[in-house]
There are 2 protein chains.
Amino acid sequence: MTTPGVSRSEQKERTRRAILDAALGLAEEGGLAALSLRQVAKEIGIVPTAFYRHFASIDELGLTLVTESFDALRALLRDARTIPDDATATEWDLAVSIADKSIDALVTHAGQSDRHLRFIARELLAGPPAVREAVRHQLQLVERELATDLAHVELTRAWSSADLAILANLLVNAMLIRAEELSRSGSAAETRRIADTARRQLHMVLVGTLRWDSSK
Amino acid sequence: MTTPGVSRSEQKERTRRAILDAALGLAEEGGLAALSLRQVAKEIGIVPTAFYRHFASIDELGLTLVTESFDALRALLRDARTIPDDATATEWDLAVSIADKSIDALVTHAGQSDRHLRFIARELLAGPPAVREAVRHQLQLVERELATDLAHVELTRAWSSADLAILANLLVNAMLIRAEELSRSGSAAETRRIADTARRQLHMVLVGTLRWDSSK
DNA sequence: AGTTTCGGTGAACAGCCGTTCACCGAAGAA
DNA sequence: TTCTTCGGTGAACGGCTGTTCACCGAAACT
């Protein structure tokens with residue numbers, strides 16, 4: 001595994017990344033709870049004990065993957081959320097704008113961050129208790145961030161904060177679910193088909209949601 | 001584990017149920033892929049090898065749980081889908097009706113079938129490849145059933161089958177996601193709070209969705 | 001009554017798990 | 001050049017995994 005010619009710290013960082021990447025990939029089958037240190041080590045061509053030069057335990061690996069995955073989710077939402085705040089726009093225009101931006105961001109980030117998004121969705125439901133709790137907590141923070149951002153959109157000015165939270169939850173869930181579907185596409189054509197369906201569903205949902213009268 | 005006084009076939013069925021229940025419970029932490037035969041056996045008080053009097057392998061256990069879980073999901077949807085088809089109803093009335101029925105069915109079935117619903121959601125994302133594929137397939141069938149039912153609702157008569165499929169997917173996903181949230185409620189009060197939020201989100205979504213013009 | 005059926009038992013199998021330890025050899029500092 | 005640092009190594013630990021086998025004892029059948 002040693003590659004002479006590069007500095008020691010650089011080599012270390014390289015191995016660390018290899019561990020994280022391999023773990024993220026191997027966790028796709030069976031989840032983090034069914035991940036084995038020896039699998040990871042074999043995958044990247046180091047001996048199992050070398051793992052401990054980079055992480056104190058497997059649990060630490062898991063929590064690192066959680067942190068990294070949420071960085072990816074936040075980056076995705078940051079892209080999706082540059083929404084034109086045109087006061088004259090109709091609900092329909094805005095809904096389409098948000099939906100298209102979201103799906104575009106999702107498709108664009110696919111390949112880089114989709115494994116992280118699926119990691120979040122998966123471990124939220126199937127992770128070891130500690131990981132599940134961490135994911136749940138981080139997800140709440142992300143939704144709260146998104147909700148405060150949505151509050152600045154003209155059309156939702158009059159909404160209650162509870163309704164904004166509901167909308168944010170809706171959008172985040174949609175992203176996570178679609179990331180799973182998109183990951184299964186074999187061809188570029190299938191990717192486009194799935195993306196189109198996702199876009200349409202988001203249109204349907206958002207058109208209605210943005211016409212929502214929060215005062216009930 | 002033997003309880004004299006009951007017939008042999010009855011005792012066998014009892015043990016089989018105990019295995020399935022214990023497996024369903026233990027799979028909640030870490031998923032099916034992290035489930036161990038010995039854990040299950042210890043949980044119900046039999047020796048590990050006795051397991052093989054009821055299932056040929058662990059894989060067979062997993063597939064049985066898939067079948068059982070989808071029975072639960074279909075039962076839930078059957079309850080949720082007794083929708084008043086009043087031609088004079090507004091979109092809003094219908095949306096509220098569908099949403100309320102769905103959430104009511106979910107809350108009512110909770111405790112009996114919510115572990116099965118969470119099993120479906122979890123193994124869809126984190127199951128062993130074979131289980132994941134089986135769940136995915138069954139989920140497609142359920143969505144198709146629901147879509148053909150929705151086609152009989154007056155308001156969606158003009159919808160394209162693609163849009164009906166999207167709506168069905170939306171409803172099924174919503175059920176699975178909410179089952180997860182509801183399962184974490186400690187008190188009856190919290191259950192009501194979560195149910196109210198879920199209802200409101202479904203209102204928001206369906207009000208818009210049912211106003212959707214499928215002709216684009 | 002004798003005989004068969006069969007769910008549960010306990011030992012044994014090869015194989016994987018996370019983690020520890022002493023050790024090696026090359027990179028980096030003096 | 002000498003000395004230190006440190007990422008990777010290989011053996012070893014106790015414990016867990018799914019599955020097999022021969023066996024037991026009571027229920028069920030004749």
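By convention in this document, chain letters (A, B, ...) are assigned in the order of the sequence lines, proteins followed by strands, and residues within each chain are numbered from 1.
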Shorter than 3.5 Å, N or O on both sides, protein versus nucleotides 11-17 of chain D: list them out with atom names.
unit_1  : atom_1 : unit_2   : atom_2 : d
dT17(D) : OP1    : Ser36(B) : OG     : 2.4

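- Regarding contacts with the backbone of dT19(C), a side-chain N or O of Tyr52(A) is found under 4.0 angstrom from either OP1 or OP2.
- Looking at Arg115(B) and Glu28(B), no side-chain N of the basic residue comes within less than 4.0 Å of a carboxylate O on the acidic one, giving no salt bridge.
- Separating the OG atom in Ser69(A) from the CG atom in Leu124(A) is a distance of 12.0 Å, to the nearest 0.5 Å.
- Under the 4.5 Å side-chain criterion, counting only non-hydrogen atoms from C-beta, Phe119(A) is in contact with Leu32(A).
- Among dG7(C), dG10(D), dT9(C), the nucleotide with an atom closest to any side-chain atom of Val47(A) is dG10(D).
- Residue Ile44(B) holds its CD1 atom at 13.0 Å from CZ of Arg14(B), rounded to the nearest 0.5 Å.
- Listed nucleotides dG8(D), dT19(D), dG8(C) differ in distance to His54(A); the shortest reach to its side chain belongs to dG8(D).
- Across all strands, Phe51(A) comes closer than 4.0 Å to no nucleic acid atom at all (heavy-atom distances).
- Toward the 5′ end of DNA chain D lies the nearest nucleotide of Asp59(B), the other residue of the pair Asp59(B) and Arg53(B) mapping further downstream.
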Hey, what are the protein-to-nucleotides 28-30 of chain C N/O distances that come in under 3.5 Å?
unit_1  : atom_1 : unit_2  : atom_2 : d
dG28(C) : OP1    : Arg8(A) : N      : 3.1

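- Annotation: the span from Leu73(A) atom CG to Ile120(A) atom CD1 amounts to 4.5 Å, rounded to 0.5 Å.
- Rounded to whole Å, the distance from CG on Leu26(A) to P on dG18(C) is 12 Å.
- Asp196(A) has a carboxylate O that lies under 4.0 Å from a charged side-chain N of Arg199(A), or vice versa, which qualifies the two as a salt bridge.
- A salt bridge links Glu68(A) to Arg17(A): one of the charged nitrogens lies within less than 4.0 Å of a carboxylate oxygen.
- Taking 4.0 Å as the cut-off between side-chain N and carboxylate O, Arg136(A) and Glu180(B) count as a salt-bridged pair.
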